[in-house]
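Following: one structure in structure tokens, then a few remarks.
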Amino acid sequence: MAFIPYGRQNIDQQDVDAVVECLTSDYLTQGPKVPQFESLVKEYCTVAYAVAVNSATSALHVACLALGVGKGDHVWTSPITFVATSNVALFCGATVDFVDIDIQTYNMCMLQLEEKLKIAAQRNELPKVVIPVHMGGQSCDMAKLALLADKYGFRVIEDASHAVGASYNDLKVGGCQYSNICIFSFHPVKIITTGEGGMAVTNDQNLSRAMKLYRSHGITKDDRQIQKEDPEAWFYEQQKLGYNYRMTDIAAALGCSQMKQLDAFVNRRRELVRRYSEHLSNLPLSLPTERPEIRSSYHLYIVKLEIKKPTRREVFDALRAADIGVNVHYIPVYRQPYYQALGFDKGYCKDAEAYYSQCITLPLYPDLSIEEQDYVISTLEAVVLN
Ligand SMILES: *Cc1c(COP(=O)(O)O)cnc(C)c1O
């Protein structure tokens with residue numbers, strides 16, 4: 001059997017045709033496809049504004065900038081995430097801190113967040129922004145987070161890189177009912193792809209405007225926003241120090257086409273998850289759980305090894321040797337040398353470190369065949385019970 005990765009894109013002929021059509025059209029960038037893709041995502045999520053960018057990292061960055069994150073500010077996130085989530089706060093000159101995870105969902109723990117907020121309030125070090133991460137596609141407890149945001153006066157950016165197509169309380173993630181901004185990733189391993197790409201969605205017009213400025217050099221050509229009276233037809237204005245974070249029309253054309261398949265992708269992932277859970281339930285593993293108010297998009301299928309022997313490393317290496325592309329999501333961010341140098345010690349978030357010592361991500365993507373999945377299941381069983 002050929003190598004089975006932990007995740008991969010699903011590209012069909014319609015996707016290929018959509019990209020080729022864009023390539024032979026008048027615009028490769030800054031044409032009609034980016035606004036079209038933004039509209040599709042807005043409608044899907046029931047949200048007022050969408051800002052497409054060239055990665056989720058860029059989306060997180062413009063979101064932080066739009067919320068005014070800068071020197072002297074504190075930004076809190078989960079240690080169990082990709083480094084980009086916390087790096088963006090450092091881009092802005094802010095101080096990053098980490099809130100330990102919930103041992104069931106692997107999302108930021110709301111009880112530990114509340115405790116940390118109480119202490120921070122006494123020290124006058126409350127965060128300006130908290131960035132929850134919807135780990136594996138399961139939304140955080142957003143209603144609780146919104147209550148805390150209200151009480152302690154911080155803003156919320158959802159890192160929904162894993163959760164395109166997921167729901168919370170029967171609302172699509174991205175509706176921003178409980179957050180200021182929500183961001184998505186369209187990297188090929190995520191739920192839908194644009195090659196590289198990301199998007200920030202919000203119901204706040206001012207935040208949307210600011211993020212649009214930051215994605216394109218801080219420049220506007222919109223007469224309604226230009227400060228100069230009676231601007232000439234060629235006129236544009238740089239109002240902020242922005243970046244070139246634009247998405248191309250080629251990427252957006254792929255995104256528009258992928259949106260048509262989003263629900264089918266999530267359904268297929270969920271079907272495969274059901275099969276995994278059914279066949280792995282007798283092994284000494286903790287399987288993913290889904291809270292009743294959640295419908296996960298299942299970007300990742302993460303199991304935790306509940307025995308000491310074989311070790312996680314032995315299980316991981318044996319699966320890789322069998323051409324199964326298992327992975328580990330994630331090394332706690334603050335364990336990285338860069339973050340150690342900022343002063344974070346081992347043991348800082350005990351639940352995150354315990355989780356990290358046991359977790360393994362199994363292959364999961366819409367194109368994974370039943371035959372391949374059965375091979376993963378039987379190999380894992382043989383390795384774990386050996
Ligand atoms: C993938 C990912 C990112 C970064 O996404 P890019 O589109 O590659 O920039 C950020 N946060 C999380 C949780 C991710 O999984």
Side-chain angles (χ1 to χ4, degrees), residues 49-99 108 120 125-135 149 154-162 176 179-187 190 194-202 204 206-220 238-248 251 329-344 348-349:
Y49 305 98
V51 183
V53 287
N54 58 1
S55 71
T57 307
S58 301
L60 286 163
H61 190 195
V62 296
C64 283
L65 291 169
L67 289 171
V69 173
K71 239 191 164 61
D73 291 327
H74 296 265
V75 174
W76 293 3
T77 188
S78 167
I80 297 300
T81 186
F82 184 55
V83 292
T85 316
S86 62
N87 284 348
V88 296
L90 301 181
F91 294 174
C92 298
T95 303
V96 169
D97 204 349
F98 300 92
V99 183
M108 182 186 285
E125 284 182 355
L126 282 168
K128 182 167 205 161
V129 171
V130 172
I131 312 180
V133 180
H134 302 325
M135 188 59 190
F154 59 83
R155 310 299 185 84
V156 176
I157 302 171
E158 294 172 72
D159 183 342
S161 291
H162 301 180
C176 297
S179 66
N180 302 93
I181 298 170
C182 176
I183 72 93
F184 297 123
S185 174
F186 308 122
H187 183 279
K190 306 287 164 71
T194 58
E196 296 276 3
M199 199 178 287
V201 292
T202 181
D204 183 325
N206 290 328
L207 292 177
S208 167
R209 281 191 176 157
M211 291 193 290
K212 282 182 176 163
L213 282 175
Y214 283 119
R215 88 169 154 188
S216 195
H217 311 282
I219 284 173
T220 182
Q238 186 191 338
Q239 300 177 339
K240 294 177 185 296
L241 184 60
Y243 300 81
N244 181 351
Y245 280 169
R246 293 186 306 264
M247 177 178 278
T248 67
H329 296 96
Y330 294 90
I331 304 166
V333 172
Y334 66 83
R335 297 292 299 137
Q336 298 293 345
Y338 188 85
Y339 282 83
Q340 301 260 283
L342 297 179
F344 292 100
Y348 189 63
C349 294

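What you are looking at is a predicted structure, and each value in this text was computed from that prediction instead of being measured.
The aromatic rings of Tyr330 and His162 lie parallel to each other, their planes meeting at an angle below 30°, with 60° marking the opposite boundary. The aromatic rings of Phe344 and Tyr334 sit tilted relative to each other, their planes meeting at an angle between 30° and 60°.
At least one side-chain heavy atom of Ile80 sits under 4.5 Å from a side-chain heavy atom of Pro332. Side-chain contact between Asp204 and Asn180 is absent, with no heavy atoms from C-beta onward closer than 4.5 Å. Counting heavy atoms from C-beta on, the side chains of Leu342 and Val96 never come closer than 4.5 Å. Side-chain atoms of Tyr214 and Val51, non-hydrogen and from C-beta on, never get closer than 4.5 Å to each other. Looking only at side-chain heavy atoms (C-beta outward), Met247 and Val53 stay at 4.5 Å or farther from each other. A heavy-atom distance below 4.5 Å is not found between the side chains of Leu65 and Lys240. Using a 4.5 Å heavy-atom threshold, the side chains of Thr85 and Val333 count as separate. Under the 4.5 Å side-chain criterion, counting only non-hydrogen atoms from C-beta, Thr81 is not in contact with Ser86.
A side chain to side chain contact (heavy atoms under 4.5 Å, CB included) with Tyr243 is found for exactly one of Arg215, His61, His217, namely His61.
Between the side chain of Ser216 and the backbone N or O of Ile219 there is no donor-acceptor pair closer than 3.5 Å. A distance-only check finds a donor-acceptor pair linking the side chain of Thr77 to the backbone of Ile131 [under 3.5 Å].
For Phe184 against Ala160, the heavy-atom pair with the smallest separation is CD2-O, 3.4 Å. Phe186 and Met199 make their closest contact through CE1-CB, 3.7 Å (heavy atoms, listed as atom of the first residue, atom of the second, distance). Listed here is the closest heavy atom pair of Val201 and Ala50: CG1-CB, 3.8 Å. Between Ser55 and Ser58 the shortest heavy-atom distance is OG-N, 2.9 Å. For the pair Val75 and Ala89, the tightest heavy-atom approach, listed with the atom from each and the gap, is CB-CB, 3.6 Å.
A donor-acceptor pair shorter than 3.5 Å can be found between the side chains of Asp159 and Ser161.
For Tyr348, the side chain to side chain donor-acceptor pair (under 3.5 Å) test picks out Asp97, Lys116, with sequence neighbours left out. For Phe154, the ring pair (Phe, Tyr, Trp, His ring centres under 6.0 Å) criterion is met by no residue, not counting sequence neighbours.
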Before you tell me yes or no, could you show the steps for Leu90 and Tyr338 under side chain to side chain contact (heavy atoms under 4.5 Å, CB included), namely the whole-Å CA-CA distance, both residues' side-chain angles and the distance that decides it to 0.1 Å?
CA-CA 11 Å; Leu90 301 181; Tyr338 188 85; 3.8 Å; yes

What's the verdict on side chain to side chain contact (heavy atoms under 4.5 Å, CB included) for His74 and Lys128, showing C-alpha distance, side-chain angles and the deciding distance?
CA-CA 6 Å; His74 296 265; Lys128 182 167 205 161; over 6 Å; no

Apply side chain to side chain contact (heavy atoms under 4.5 Å, CB included) to Ile183 and Ile157, showing your working.
CA-CA 7 Å; Ile183 72 93; Ile157 302 171; 4.1 Å; yes

